[in-house]
Amino acid sequence: MPLLRNRKRFCQLLLMVILGILSFLVSGALFSAEIKQGDIAKRSDEYFLSVNIDYHLSEKAKTALQNGVPLYWNLLVKVQKYPGFFWDKTWLKVAKRYQLQYHALLNMYRVKNEDNGEVHSFSSLSSALELMSVIIDLPLINKALLDPEHQYLCLIKLDFKRDDLPLPLRPFAYIDPQWYLSSEWTSWPLKK
Amino acid sequence: MDIMAPEKIKPPVNLSVLILFGLILLSLQLMSSAMQESSELSAMYSWLLLFNTLGSVVLLVLVGANIYALLQHTKRREAGSRLTARMMSLFVVLALAPAIIVFYFSMQFLHQGIDSWFNVEIDRAMEDALELSQASLDQRMRGQLRQTEQLIDKLEGFSENAATLEIEHLRELSGASEMTLFSRQGRIIASSSNNPADILPSLPEEHIWLQLRQNGFFMALAPVHDHELMVRVIVTVKSIESQYLQALYSVPVRIADLADSVEFASARYQEMSYLRSSLRMSFSLALSLVLLMSLLAAIWVAFISIRNITAPVKELVKGTKAVASGHYDQILPVMAQDDLGFLVESFNDMTNRIAQARDETRKVGVEVENQRAYLETILGNLTAGVISFDETFKIRTANQAAYRIFRVHVNQFVGKTLMELVETYVELVEPLKSIQHLLENADDIWQQRIAFLGPNGRQELLCRGTPLFSQEGFRVGSVVVFDDVTDLIQAQKNAAWGEVARRLAHEIKNPLTPIQLSAERLQLKLANKLDSSDGAILQRSIQTIVQQVEAMKEMVDDFSEYAKPSKKQSVNVNISHLIQEVLALYTLREGVRFKARYQSGLQIVNGDPVSIRQVIHNLIKNSLEAVGLEGLIEINVHRVLKNNTDYIEIALYDNGAGIKEDQIEKIFEPYVTTKVKGTGLGLAIVKKIIEDHGGAIWVDNGRKVGAGFIIQLPACNSELS
């Protein structure tokens with residue numbers, strides 16, 4: 001009987017762990033960014049990407065931002081063969097890097113493009129996010145680099161940089177789903 | 001197992017453990033450094049934290065496995081496990097107590113220290129400073145808005161071309177760094193900048209246009225570069241077609257720097273304030289991790305060290321168990337030249353000596369056993385019975401001969417006294433009681449003959465006893481050696497009587513014939529020469545001589561008969577038939593009645609029928625002489641069981657004069673008779689024949705009338721079966 005009771009307790013515990021993991025994944029998915037309305041255009045042997053990104057900042061992220069904590073995102077772009085193998089060459093680059101910070105003095109949100117140093121200030125968070133949402137004609141890869149015999153995929157991911165958070169926040173950012181602000185990899189085929 | 005001879009004292013932990021311990025400390029130090037944001041390692045903070053957490057988990061697993069193994073060993077009561085558990089418990093208590101105290105106070109100081117960074121006054125001061133900066137800049141913006149609005153009047157009524165010329169003047173007048181006139185649609189009508197390099201004016205963004213259309217003006221402070229602030233003011237020029245005038249005013253560098261400084265400090269303070277709980281948690285986590293790793297590493301190293309320390313003890317316990325179970329060849333390895341190593345060496349010396357002593361003892365034991373077996377063989381093959389007793393007269397050992405003599409397995413009575421033996425074997429009452437009496441009373445070597453009617457008939461034992469004394473003089477027991485000398489005594493008697501008979505025949509019977517012949521010659525020669533009276537005297541004298549010589553001859557013959565062995569042959573004799581045959585010779589006697597009773601079945605004895613017939617003849621003749629002319633003679637023959645042996649008992653009674661009591665004891669001795677005529681050898685011969693046949697004869701004392709003799713002869717059982 002004690003063995004049976006223990007087994008029952010173990011099953012309950014396992015169920016709770018599974019539910020916990022599922023809830024973690026679901027809650028994590030609530031705040032992750034979404035990449036939508038992507039389009040790849042080819043002009044004079046160069047591929048260009050245009051996407052629209054939807055940001056879902058969690059309350060914790062908004063509070064941290066409001067308290068002066070800068071948030072960083074990297075837009076990752078990857079081009080790889082399809083169907084491919086792990087040994088196939090993959091072109092990966094950080095296409096864009098944004099910093100979003102709140103300025104209490106001016107009561108403005110400042111978006112800084114870390115690549116070119118451009119700074120844009122907005123009086124509202126939604127305006128700041130809107131700027132970061134729209135990517136137009138981002139140069140991807142030159143056609144000459146691709147094998148014409150193969151199909152290629154373009155994969156895009158918005159990666160929230162938890163490592164750039166202030167040090168005391170980092171350990172918790174890794175275990176708190178409210179800090180999972182990255183998007184999943186989204187792919188589009190490269191048309192020849 | 002060879003004894004290892006270490007050359008130097010080894011440390012309790014090996015080098016790899018020390019290196020691992022160093023790595024753990026290094027990792028903790030790196031994590032501590034990484035916690036400072038200015039450190040280059042701060043980027044690796046998460047990885048270091050993860051590494052240390054994994055290290056803690058690995059150490060936890062190692063310690064858990066060691067604890068589990070220790071518990072299992074303790075449960076199985078393995079050698080050294082309890083000592084290890086005790087030492088580990090002591091170490092954990094000693095290590096844990098101060099560590100927890102230090103940890104507790106560290107946490108207290110840490111939390112209090114972090115909290116002390118923040119207080120209400122600083123918080124309010126920071127907010128006020130920020131608000132002051134905002135108010136100052138706002139006032140400046142409003143002033144510049146008013147200033148720009150005043151310029152509108154000057155532009156009214158100007159055409160677009162005229163406005164292009166006028167705007168330069170207005171910019172200089174207002175002190176703006178850039179001034180631009182936009183149409184309602186946002187088209188640039190006129191623009192002027194204090195920087196000639198600026199080709200395009202700063203264009204308002206979409207949300208500014210939206211706000212402008214809603215409010216009619218726009219006023220905002222915006223950063224231009226990293227440390228530069230610009231006030232953007234846009235107002236509506238009310239003319240025929242609405243136009244917008246944008247003026248950009250540079251904030252003085254000093255004011256911008258001050259505002260920036262206030263904003264930086266305020267933002268930093270706000271960030272720190274926001275991160276307060278996280279910082280506290282983070283430091284607590286790091287401190288806990290350091291404590292956990294240090295403790296776990298210490299416990300793990302303690303496990304290894306204590307295991308190394310207790311290894312010789314464990315070996316010693318194993319060795320002691322082996323020695324306790326009789327394995328003296330146990331040689332333990334000497335692991336270190338310390339006190340425990342010395343103990344192990346001493347243990348090895350001890351077991352070596354014990355092994356030698358055991359071998360010698362075993363050798364001596366084998367020799368003693370051989371001697372004992374040898375003595376037992378000798379004792380077993382002795383014809384004499386040997387019984388040894390302890391100090392309480394209980395039987396300790398008895399040999400085979402004792403069984404042969406007593407017909408009792410004395411071995412089965414080891415631990416009991418002779419008196420207990422008597423209770424079971426009543427027929428041995430006489431000899432056993434005699435021996436017990438002698439054992440209890442004799443203080444020195446004793447010897448005695450004991451006769452009794454045993455299972456083999458009348459037996460005569462020659463017993464010799466010796467009390468045994470310890471070296472201290474205490475009596476520890478006794479030994480009795482006894483021999484059945486029945487045959488020997490009988491042979492000696494027979495030899496003695498045979499010699500007497502031979503001498504009598506030689507010395508007495510031989511002269512009798514010349515005496516008789518001489519007497520008859522005297523009568524022959526002198527009968528005619530003497531007168532009648534003298535002749536009558538001579539004749540009577542010669543007759544007397546001849547009669548006495550005849551009597552003497554008869555007596556010598558009887559004696560010779562007595563001395564001769566009576567059991568000349570050995571055949572099965574039916575006693576009932578034999579008695580009937582003898583009685584048949586006497587039944588013609590008038591006045592004497594014979595009454596004979598025979599038990600049904602065969603009454604067979606093994607012996608010489610002539611001798612047995614003579615016994616019956618002698619006894620009947622004696623009875624006839626005793627009863628005289630009239631009387632009754634009774635003969636009963638039946639089988640009796642005595643001493644587990646079957647006997648044929650012949651009881652013969654008469655109603656004659658009987659035997660006097662003083663004569664009963666020596667009636668069977670030679671030359672003892674109650675008759676006027678007779679040699680006195682009749683009953684002696686009877687007794688001799690009966691005893692030669694292994695039987696016994698005695699006078700029945702219970703008989704009140706006449707005399708009664710009882711004869712018991714061993715029955716022949718083989719014939720019965």
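Numbers restart at 1 for each chain; the letters A, B, ... are given by sequence-line order, proteins then strands.
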Identify which part of [X] has an atom lying under 4.5 Å from any heavy atom of chain B, answering side chain, backbone, both or neither.
X        : value
A:Phe122 : side chain
A:His103 : both
A:Ser127 : neither
A:Gln66  : backbone
A:Ala173 : neither

[X], [atom1] atom: more than 12 neighbouring heavy atoms under 6.0 Å:
X        : atom1 : result
A:Glu130 : CD    : no
B:Trp47  : CH2   : no
B:Gln108 : CD    : yes
B:Met281 : CE    : no
B:Arg213 : CZ    : yes
B:Arg254 : CZ    : no

Using a 4.5 Å cut-off on heavy atoms from C-beta on, say whether the side chain of [Y] contacts that of [X].
X        : Y        : value
A:Asn67  : B:Gln270 : yes
B:Tyr274 : A:Leu169 : yes
B:Glu271 : A:Pro166 : yes

query = If only atom types and distance count, is the side chain of B:Gln134 paired as donor or acceptor with the main-chain N or O of A:Leu105 below 3.5 Å?
reply = yes

query = Of all of A:Ser123, A:Ser124, A:Pro171, which one pairs up most often with chain B through heavy atoms under 4.5 Å apart?
reply = A:Pro171

query = So how far is it from B:Leu285 CG to A:Phe172 CZ, rounded to the nearest 0.5 Å?
reply = 6.0 Å

ask   = In Å and rounded to the nearest 0.5 Å, what is the CG to CG distance from B:Asp138 to A:Asn107?
value = 11.5 Å

Against chain A, label [X] side chain, backbone, both or neither, depending on which of its atoms sit under 4.5 Å from a heavy atom there.
X        : value
B:Leu49  : side chain
B:Glu131 : neither
B:Leu137 : side chain
B:Ser133 : both
B:Ala259 : both

query = Do you know which of B:Ser278, B:Ser282, B:Ser277 has the most heavy-atom pairs under 4.5 Å to chain A?
reply = B:Ser278

